[in-house]
Amino acid sequence: MALEPHLIKLDLKGDERGSLIALEALRNVPFAIKRTYFIFGTLPGVRRGKHAHRRLRQLAVCVHGGCKIALDDGRSQATVELKSPDMALYVPPMLWHEMFDFSEGCVLLVLAEDHYDERDYIRNYEQFLLSVRK
Ligand code: TYD
């Protein structure tokens, strides 16, 4: 079966003054948020991510510009393009992800369910495949 990326459409509050989008834990974000980080200043041609998390759940939104995210659950793959601040990608545990094709000025905001913990990362693809197929 093909991998279906879990995209979440965010409610955009727009009026003549501009736009606003709210992210709320356990409402439009499917977990309680302990950490937020953002990726910006990426150089052309770079690929980031290249890992999966054992337990961590995350939500990614391109709040400015766009990028592509390649997803792999160990059985099938998909690529999504985030290019609008009202579209979020839910990244569950054990989903290999690689971000690439960042547009100039892209700011990728990520909400995470837990604090940073390197022990939660699987950074080796072969090891990821072994873990997922166990
Ligand atoms: P890295 O995992 O390489 O980023 P990406 O997933 O975008 O490829 O992280 C870059 C550095 O930042 C690395 O030294 C780990 C550190 N880091 C933190 O200290 N806190 C965090 O919340 C994150 C995501 C990374």
Side-chain angles (χ1 to χ4, degrees):
M1 214 170 69
L3 196 167
E4 275 293 332
H6 185 156
L7 288 163
I8 297 173
K9 178 86 170 69
L10 306 171
D11 197 17
L12 191 148
K13 313 278 184 188
D15 58 31
E16 64 286 350
R17 300 167 302 162
S19 303
L20 183 153
I21 291 173
L23 293 163
E24 294 187 276
L26 304 175
R27 290 194 169 169
N28 57 356
V29 179
F31 49 81
I33 304 154
K34 271 200 186 164
R35 174 170 54 112
T36 300
Y37 60 93
F38 40 97
I39 294 168
F40 59 99
T42 47
L43 295 176
V46 297
R47 257 180 123 83
R48 301 193 62 124
K50 297 191 184 176
H51 61 253
H53 288 281
R54 297 177 200 280
R55 300 168 68 93
L56 185 72
R57 297 189 284 176
Q58 299 192 105
L59 193 80
V61 188
C62 265
V63 293
H64 185 74
C67 74
K68 292 179 184 153
I69 308 185
L71 304 169
D72 182 341
D73 65 6
R75 292 180 178 81
S76 53
Q77 294 84 33
T79 297
V80 292
E81 186 169 11
L82 291 181
K83 53 183 177 185
S84 175
D86 64 354
M87 196 54 77
L89 175 69
Y90 173 60
V91 183
M94 297 307 285
L95 184 65
W96 188 268
H97 51 281
E98 303 191 4
M99 298 84 84
F100 63 103
D101 272 5
F102 292 89
S103 70
E104 206 185 320
C106 174
V107 181
L108 179 64
L109 175 72
V110 184
L111 310 182
E113 190 184 17
D114 212 341
H115 296 139
Y116 174 72
D117 181 0
E118 188 58 37
R119 292 169 302 180
D120 188 63
Y121 281 73
I122 303 176
R123 292 193 184 269
N124 178 291
Y125 184 69
E126 299 307 318
Q127 192 198 330
F128 165 71
L129 287 182
L130 286 174
S131 303
V132 95
R133 286 170 184 174
K134 238 184 239 165

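Whatever order the structure lists them in is the order used to number ligands and atoms, beginning at 1. The model shown is predicted, which means the values in this text are computed figures rather than measured ones.
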Taking only heavy atoms of [X], which atoms of ligand 1 are found under 4.0 Å from at least one of them?
| X | result |
| --- | --- |
| His51 | 6 (O) |
| Ile39 | 7 (O) |
| Tyr121 | 2 (O), 24 (C) |

* Can you find a protein heavy atom under 4.0 Å from atom 24 (C) of ligand 1? -> yes

* **4.0 Å protein heavy-atom contact status of atom 12 (O) of ligand 1, strictly under** => no

* Single-linkage hydrophobic cluster Val80~Met99, side-chain heavy atoms < 4.5 angstrom -> yes

When you measure from the side chain of [X] to the backbone of [Y], do you find a donor-acceptor pair of N or O atoms at a distance under 3.5 Å?
| X | Y | answer |
| --- | --- | --- |
| Asn28 | Ala22 | yes |
| His97 | Ala70 | no |
| Arg47 | Glu98 | no |

* Asked: Would you say Arg48 and ligand 1 have an N/O pair spaced under 3.5 Å apart?
  -> yes

* Quick check: does Met99 get an N/O under 3.5 Å from an N/O on ligand 1? -> no

* To do: Among His115, His53, Arg54, Arg55, find the one that has a side chain to side chain donor-acceptor pair (under 3.5 Å) with Asp120.
  => His53

* Asked: Considering only the protein, which heavy-atom contact is closest to atom 5 (P) of ligand 1, and what is its distance?
  -> Gly49 N, 3.5 Å

* Asked: Identify the closest protein heavy atom to atom 14 (O) of ligand 1: which residue and atom is it, and at what distance?
  -> Tyr116 OH, 4.8 Å

* Taking the inter-plane angle between the rings of Phe31 and Tyr90 on a 0 to 90° scale, is it parallel (under 30°), tilted (30 to 60°) or perpendicular (over 60°)? -> tilted

* Asked: Checking side-chain contact (heavy atoms from CB on, under 4.5 Å) against Leu89, which of Leu95, Val110, Ile69 comes through?
  -> Ile69

* Structure fact -> To atom 3 (O) of ligand 1, the nearest of Glu98, Arg35, Arg123 on a heavy-atom basis is Arg123

